[in-house]
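Each remark here refers to the structure printed beneath this line.
Numbering starts at 1 and runs along the sequence shown. These values consider heavy atoms only, across backbone and side chains, with no hydrogens, waters or symmetry-generated copies.
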Amino acid sequence: MTAVARPLFRDPVHDGATDPTVIWNRHAREWWMFYTSRRADAPPMDDVSWVHGSDIGIASSSDGGASWLYRGVAEGLDTEPGRHTYWAPEIVDDGTDYHMFVTVIRGVPTQWAGHARVIRHYTSHDLFSWTYRSTLSLSSDRVIDACVLRLPTGGYRMWYKDEADDAHTYAADSDDLTRWTVRGPAVECSKHEGPNVFELDGSYWMLVDEWHGLRVLHSRDLETWEPRGLVLDRPGHGPDDGSYGFHADVVTSELGAFVFYFTHPGRSDAGPGRRHSDHDDRRSSIQVARLRVSGDTLVCDRDETLEAPILPLEGPGR
C-alpha cells in the first residue's frame with residue numbers, strides 16, 4: 001500500500017490548481033485530473049486578472065490516485081485569436097467520446113463583473129485534443145461551473161451556477177449531451193457555486209461551495225434538494241490543508257467515495273470577490289478526503305491518512 005500524497009497536487013507551472021474533476025482515460029488506462037489553472041504567479045497587480053487568462057490543466061495518475069503527474073493543458077479550446085479564460089471543466093464519457101463542458105470568458109478581464117460567462121461544449125477522443133461543438137443556450141449569459149449526471153431514466157441533467165439569479169444553482173436536461181432544455185432553479189437555499197452531484201448508498205447528494213465549506217444537499221429523486229449541513233468547513237492539520245475546502249468533485253467506486261477539493265493554504269480571508277495580489281495568498285493546492293454517509297448527512301475526516309488505491313487501478317466498473 002502507498003500513502004496518498006498530501007497535498008495531492010500542486011500545478012508546477014502557475015501554482016493555481018482549482019476546480020478539479022477526475023475521469024478515467026480509457027486509452028491511457030490512467031486516471032486524469034482536469035482543473036482550472038489559475039495564474040497564481042501573475043504580476044502582483046491590484047485587480048483580479050490573475051484568475052483570468054487560465055488554461056485547463058491536466059494531471060495523470062497511474063497508481064490509483066496516490067500521486068499525480070502534470071501533463072500540460074487541454075488543447076483546441078480557443079475559437080478565436082487571443083488569450084482567453086477557461087474555468088471549471090466537467091467531463092462526461094459516453095463510451096465513445098469524451099464531452100467537456102467548460103466555462104469560457106473572452107479575453108483576460110481585470111474585474112469580476114461586467115462581462116459574459118458562458119458554458120461551451122467540446123468533444124475529444126483522447127482527453128487531450130478537443131473540438132468545439134457549441135455554446136450552450138442556458139438561463140443567462142452569466143453561467144459557470146457545469147456538473148453533468150446520467151439520469152437513471154435516460155438522458156442527462158446539468159447543474160450550473162447562474163450568477164444572474166443571486167448565485168443559485170439551475171438545472172437543464174438533454175437526451176444527447178448536445179441540445180439542452182433549461183428546467184429552472186434547482187437550489188436556492190444560499191449563494192453558492194460549483195455544484196457536484198453523485199449517488200452514494202442509495203441516495204443522491206449534491207455539494208455546493210458556499211466559500212465557508214461545502215454545503216451538503218440530499219435528494220431521493222434529483223428534483224427536490226434538502227440541505228444537510230456542511231463538510232470541509234473546518235481546517236485540517238495536513239500540509240496545505242488548513243483552509244476551507246472549495247469547489248469539489250466526488251468519485252465513487254467499490255473503493256469508497258472520495259472528494260477532490262482545493263484549498264488556499266496561504267490565505268486568511270478566502271471569501272469571494274477579493275483581489276489577492278500576493279503569490280502566497282493566491283496559490284492553491286488540490287486535496288482529497290474520504291466521504292461517508294452518517295445518519296442523514298455526509299461526513300468527512302480530512303485528517304484521515306489515505307492509502308492507495310483510492311481510484312480503481314482498472315478503471316470504473318460499468
Side-chain angles (χ1 to χ4, degrees), residues 7-22 32-60 68-91 100-120 122 128 130 142-146 161 163 193-194 209 211 240 243-249 260-287:
L8 187 68
F9 178 75
R10 287 175 67 178
D11 183 302
V13 177
H14 295 298
D15 207 12
T18 64
D19 314 330
T21 190
V22 176
W32 279 29
M33 179 192 301
F34 289 74
Y35 58 90
T36 307
S37 182
R38 289 183 181 174
R39 300 180 304 114
D41 60 342
M45 300 171 65
D46 186 26
D47 58 32
V48 294
S49 56
W50 67 279
V51 302
H52 298 105
S54 46
D55 291 310
I56 298 302
I58 305 171
S60 65
W68 296 81
L69 175 67
Y70 178 77
R71 299 291 293 272
V73 300
E75 296 182 348
L77 302 187
D78 287 344
T79 60
E80 62 177 317
R83 185 73 179 176
H84 303 286
T85 300
Y86 300 93
W87 285 352
E90 169 72 330
I91 300 178
M100 180 191 292
F101 298 91
V102 63
T103 303
V104 182
I105 299 171
R106 190 180 195 190
V108 185
T110 59
Q111 303 296 326
W112 282 108
H115 45 271
R117 293 171 286 287
V118 299
I119 293 173
R120 285 188 189 163
Y122 296 81
F128 193 74
W130 294 87
R142 299 292 189 272
V143 294
I144 67 172
D145 297 352
K161 176 187 179 183
E163 296 183 327
E193 63 188 14
D209 185 354
W211 310 290
D240 276 8
S243 78
Y244 297 125
F246 297 97
H247 192 135
D249 183 37
F260 294 79
Y261 60 98
F262 78 91
T263 64
H264 279 299
R267 184 179 298 184
S268 58
D269 176 8
R274 309 299 193 270
R275 293 175 183 251
H276 302 296
S277 60
D278 177 76
H279 174 265
D280 196 53
D281 199 39
R282 294 173 174 177
R283 76 176 185 89
S284 50
S285 294
I286 304 295
Q287 305 277 3

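- Closest approach of His14 and Asp41 over heavy atoms only: ND1-OD1, 2.9 Å.
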With side-chain contact (heavy atoms from CB on, under 4.5 Å) as the criterion, how do Ile286 and Tyr261 come out once you've worked through the C-alpha distance, each side chain's angles and the decisive distance to 0.1 Å? CA-CA 6 Å; Ile286 304 295; Tyr261 60 98; over 6 Å; no
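- Looking at every heavy atom in both residues, Pro89 comes nearest to Asp19 through CD-O, 4.0 Å.
- Among all heavy-atom pairs drawn from Gln287 and Leu8, the shortest one is OE1-N, 4.0 Å.
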Check the pair Arg117, Thr103 against side-chain hydrogen bond (donor to acceptor under 3.5 Å, both in side chains), reporting the backbone distance first and the verdict last. CA-CA 7 Å; Arg117 293 171 286 287; Thr103 303; over 6 Å; no
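- Note that OG of Ser60 is 4.0 Å distant from CZ of Arg71, once rounded to the nearest 0.5 Å.
- In summary, the side chains of His247 and Asp209 do not present any donor paired with an acceptor at a separation below 3.5 Å, with no hydrogens or angles considered.
- Residues passing the side-chain contact (heavy atoms from CB on, under 4.5 Å) test with Thr18 are Thr36, Arg38, Phe262, Ser284, sequence neighbours excluded.
- Between Trp130 and Met100 the shortest side-chain heavy-atom distance falls below 4.5 Å.
- In summary, of the residues considered (Phe260, Phe34, Tyr35), a ring-ring contact (aromatic ring centres under 6.0 Å, His included) with Phe9 occurs for Tyr35 alone.
- Proximity of a side-chain donor or acceptor of Asp145 to a complementary backbone N or O of Gly194 within less than 3.5 Å is detected.
- The side-chain heavy atoms of Val102 and Glu90, taken from C-beta on, include no pair separated by under 4.5 Å.
- Ring centers of His115 and His52: under 6.0 Å apart, within the cut-off.
- Taking a 6.0 Å sphere around CZ of Arg106, one finds it holds 12 or fewer heavy atoms contributed by other residues, nucleotides or ligands.
- Within the 3.5 Å criterion, the main-chain N or O of Pro7 finds no donor-acceptor partner in the side chain of Ser285.
- When each of Arg282, Arg10, Arg39 is paired with Asp15, the side chain to side chain donor-acceptor pair (under 3.5 Å) condition holds for Arg10 and for no other.
- Nearest heavy atom pair, residue Tyr244 against residue Thr263, reads O-CG2, 3.8 Å.
- Between the side chains of Arg120 and Thr79, a donor-acceptor pair is found at a separation under 3.5 Å.
- Checking side-chain atoms of Asp278 against main-chain N and O of Asp280 turns up a donor-acceptor pair under 3.5 Å.
- Here Glu193 pairs with Lys161 in a salt bridge; the nearest charged N to carboxylate O distance falls below 4.0 Å.
- Using a distance-only test at 3.5 Å, with no hydrogens or angles considered, a donor-acceptor pair links the side chain of Thr85 to the main chain of Gly53.
- The salt bridge (Lys or Arg N to Asp or Glu O under 4.0 Å) pairs that include a residue from residues 107-116 number zero, where partners must be two or more places apart or lie in different chains.
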Would you check, one step at a time, whether the test salt bridge (Lys or Arg N to Asp or Glu O under 4.0 Å) holds for Arg283 with Asp240? CA-CA 10 Å; Arg283 76 176 185 89; Asp240 276 8; 2.9 Å; yes
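- The shortest distance between side-chain heavy atoms of Met45 and Trp50 does not fall below 4.5 Å.
- Judged purely by atom type and a 3.5 angstrom limit, Asp11 has no side-chain atom pairing as donor or acceptor with the backbone of Gly16.
- Using a 4.5 Å heavy-atom cutoff, the side chains of Met33 and Thr21 are not in contact.
- Trp32 is listed as a side-chain neighbour of Ile58, based on a closest heavy-atom distance under 4.5 Å.
- With 3.5 Å as the limit, one finds no donor-acceptor pair spanning the side chains of Ser37 and Asp55.
- A side-chain donor-acceptor contact under 3.5 Å links Tyr86 to the backbone of Leu77.
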